[in-house]
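First up is the structure itself, then whatever we jot down about it.
Residue numbers start from 1 in every chain, and the chains themselves are labelled A, B, ... in the order their sequence lines are given, proteins ahead of strands. Note that the structure is predicted; figures quoted are calculated from it, not measured.
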Amino acid sequence: MPDLQEIFSRALLEAAGGLGSDAVPDLAVEPSALSEVGDYSSALAFRMAGVLKRPPREIAREIARRLGEQPPAHCREITVSGAGYINFRIDFGSLTPAVIGQALSLGAVISPDPTAGAKVIVEHTATNPNKAAHVGHLRNACIGDTVARLLRARGHQVEVQNYIDDTGVQVADVLVGIRHLGLSARDGETFDRFCSRAYVEVCRRYEAEPELVQLRAQTLRQIEDREGEVAVAAKELASKIVDAHLQTMARAGVGYDLLTWESDIIELGFLGHALDWMQEAGVIRQPAEGPFRGCWVLPHDDTSEEQELAQGEAKVLVKSDGVATYTGKDVAYHLWKFGVLGLDFAYRLWSPQGPATTTADPELAQLAPDRFGRAARVVNVIDQRQAAPQVVVKEALRRLGFETQSAALYHLAYEVVALSPSAATALGVDTTEGKARYALSGRQGIDVGADDLLDEAERQVQSKARDRTVAARLAASAVRYYLLRFGLNSIINFDFGEALRTSGDTGVYLQYAHARACGILAKVDALPMPADVPQLSASEEVLVKLLERFPRVVAEAADGLSPSTLASYTFTLATSFNDFYEHSDRLYQLQDEALRGLRRSLVDATRATLARCLELLGLIPLGRI
RNA sequence: GCCCCCAUAGCUCAGCGGAUAGAGCGCCGGCCUCCGGAGCCGGGUGCGCAGGUUCGAGUCCUGCUGGGGGUACCA
């Protein structure tokens, strides 16, 4: 497998070593910023200049001369430019067949990480099971799903878990609405939408009717005590919503290995066990006085506990009414994830072809008991606002003595989805304040439903698609790519026009490029690559260079847990392919056998690489549209 | 108050210390339209401000300004 950056870097460092062993920094070769000057370039000479006390250009010349004596593979020419850049020009005669061969033989693991082996758990989605999923939840799911795909492409063993918070306050809220306010679904209203409406209604009534807040607390306690019909009703409600979420996420190509139920964590005594453990170890404290009287708390800093407890600076894991907070349960969950809790769930299938699920009832078990958990590394995809409680979980593990596990717990934080002023207006939000963006709020019913968005995308794409399946896939492509192309630190200023657009930097554009490649291939019979590679055009060289970099990009995106890195590579590849297509003679009219063979292979290699990109992004590649 | 994130073209965003800062949208003009145009080509006076580190700063450091978020016995 040719990896030019690696090959050229190694040759460069070796050649540079001859100038003085200590002077060689670990500075690699990178794709040239100036294509006129070379294909790959290095600024190594600048770094060495200071140590060697010689002008960079002179050093560059010296290194280039040494490199020239025994040029690395696939290198045609080495030059020096500017004030001391060393440039490599690619020998496409040898590189092109190697790259095409590589692209056409990629396996499931695209870019093996030598350190891969032990299990990585990726937790994502974890939407409260009390309402329909909105576009913010969808962003979480798409990020998590693509991160999981990227890690697998790197050779990691990945287990995707979706945490079901069925004993939290939000489920209790909707339950209050159904049981005490008598809310029920309207004709034709889906269950998840009904719950969304009930949630809004209940939250609205809390302000005027404080006794409802009492009912919520009571409901929550009944849920957590796992007793009676309330706990059963909660589980039922959550189960129906989970089904709805799974369906919604499946439309966007998102799936899971395991659903982890919070109620099982409680029912199986994980929580109690973890809390006992932390009490015995002195990790959590129960102050007899002060603001935390009667609570079990984890002080933020274990070196100044007394002061903090007096000032109210600690994280409550168990409230004074005896009910655990989400963070308390999360600590127990994470001890289990790393296989150090000493307890395990039983497992069954959620649905015949669906994911597995935990269960507290060993008699229902269908799957091996040791199949899940026991991770060496954990990645939690949770929005940036929950950074503080994630730190608490990490700290709890560390103070219990699990330093390795604590260090291997990573919060993959991302920014939220907000509404652009035009989207907010479309949803009936008062925008007279003139803000740049408006927050989503499930509580207030201000959001864009994930299903509604996908429905709308399908409608807009219908006329161009050959059938409904294609329309659904195009719609999912548009929406999913839109949610993935932003860096994780960017707030997505959600805009209907942008999300549903089908031209330019969009998922639909990518699908068209892929379908176009398939179309070309269908018109021309397969041909062997010529033994002597003809001279490549400029746009063909660009394509070959991009294809060559693909495994490295996958590695970068996977190691950086950065879907947007792959998204922008994919767009560049699609654009370069369209450029090639536009500026090449029609393949089926080409007389020259060698040229036909080369070009068809190149199209095929591009098609294959685009397909892999789309799959990693979670879009189903379309052969025809 | 303290902590985190953000500020790049009219708008939405890429740029993980290296050469002349790039895309998409929108706008104007052109090409092409039987390899599926949802395409291609051309058109650009932009890195919030002030210091610093460096041979070299949009990128690193400090301060400031302006946004967003966190700092709950919510999650």
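- Relative to the side chain of Asn493(A), the nucleotides A19(B), C5(B), U12(B) differ in distance, and U12(B) lies closest.
- Taking the C1' atom of each, G10(B) and C2(B) are spaced 38 Å apart, rounded to whole Å.
- Contact annotation: Ser42(A) does not reach the phosphate of G18(B) (side-chain N/O to OP1 or OP2, under 4.0 Å).
- Relative to the side chain of Phe292(A), the nucleotides G36(B), C73(B), G67(B) differ in distance, and C73(B) lies closest.
- When heavy atoms are screened at a 4.0 angstrom cut-off, Val461(A) is found touching base atoms of the nucleic acid.
- A cation-pi arrangement is absent between Arg485(A) and Phe571(A), since the terminal nitrogen or guanidinium carbon is not both under 6.0 Å from the aromatic centre and inside a 45° cone about the axis.
- A 3.5 Å limit on both hydrogen-bonding distances identifies C13(B) as the Watson-Crick or G-U partner of G22(B).
- Using a 30° and 60° split on the angle between ring planes, Tyr333(A) and Tyr163(A) fall in the parallel class, below 30°.
- With both pairing distances under 3.5 Å, G39(B) is matched to C31(B) as a Watson-Crick or G-U wobble pair.
- The local environment of CG in Asp467(A) is crowded, with over 12 non-hydrogen atoms from other residues, nucleotides or ligands closer than 6.0 Å.
- Donor-acceptor pairing under 3.5 Å, judged by distance alone, is present between the side chain of Asn87(A) and the base of A19(B).
- Nucleotide C49(B) is matched to G63(B) when pairs are restricted to Watson-Crick or G-U wobble geometry with both distances under 3.5 angstrom.
- The aromatic ring of Tyr85(A) stacks onto the base of A19(B), its centre lying under 5.5 Å from the centre of the six-membered base ring with the two planes under 30° apart.
- Which of A14(B), G18(B), C5(B) sits closest to the side chain of Ser490(A) comes down to A14(B).
- Comparing the P positions of G70(B) and G18(B) gives an interatomic distance of 35 Å, to the nearest angstrom.
- In the set A19(B), G70(B), G18(B), the nucleotide with an atom closest to the side chain of Phe46(A) is G18(B).
- Side-chain atoms of His124(A) never come within 3.5 Å of backbone atoms of Asn140(A) as a donor-acceptor pair (strictly under, hydrogens ignored).
- A donor-acceptor contact under 3.5 Å is formed by the side chain of Arg466(A) with the base of G36(B).
- Counting distance only, with no hydrogens placed and no angle test, the side-chain atoms of Gln170(A) and the base atoms of C74(B) include no donor-acceptor pair under 3.5 Å.
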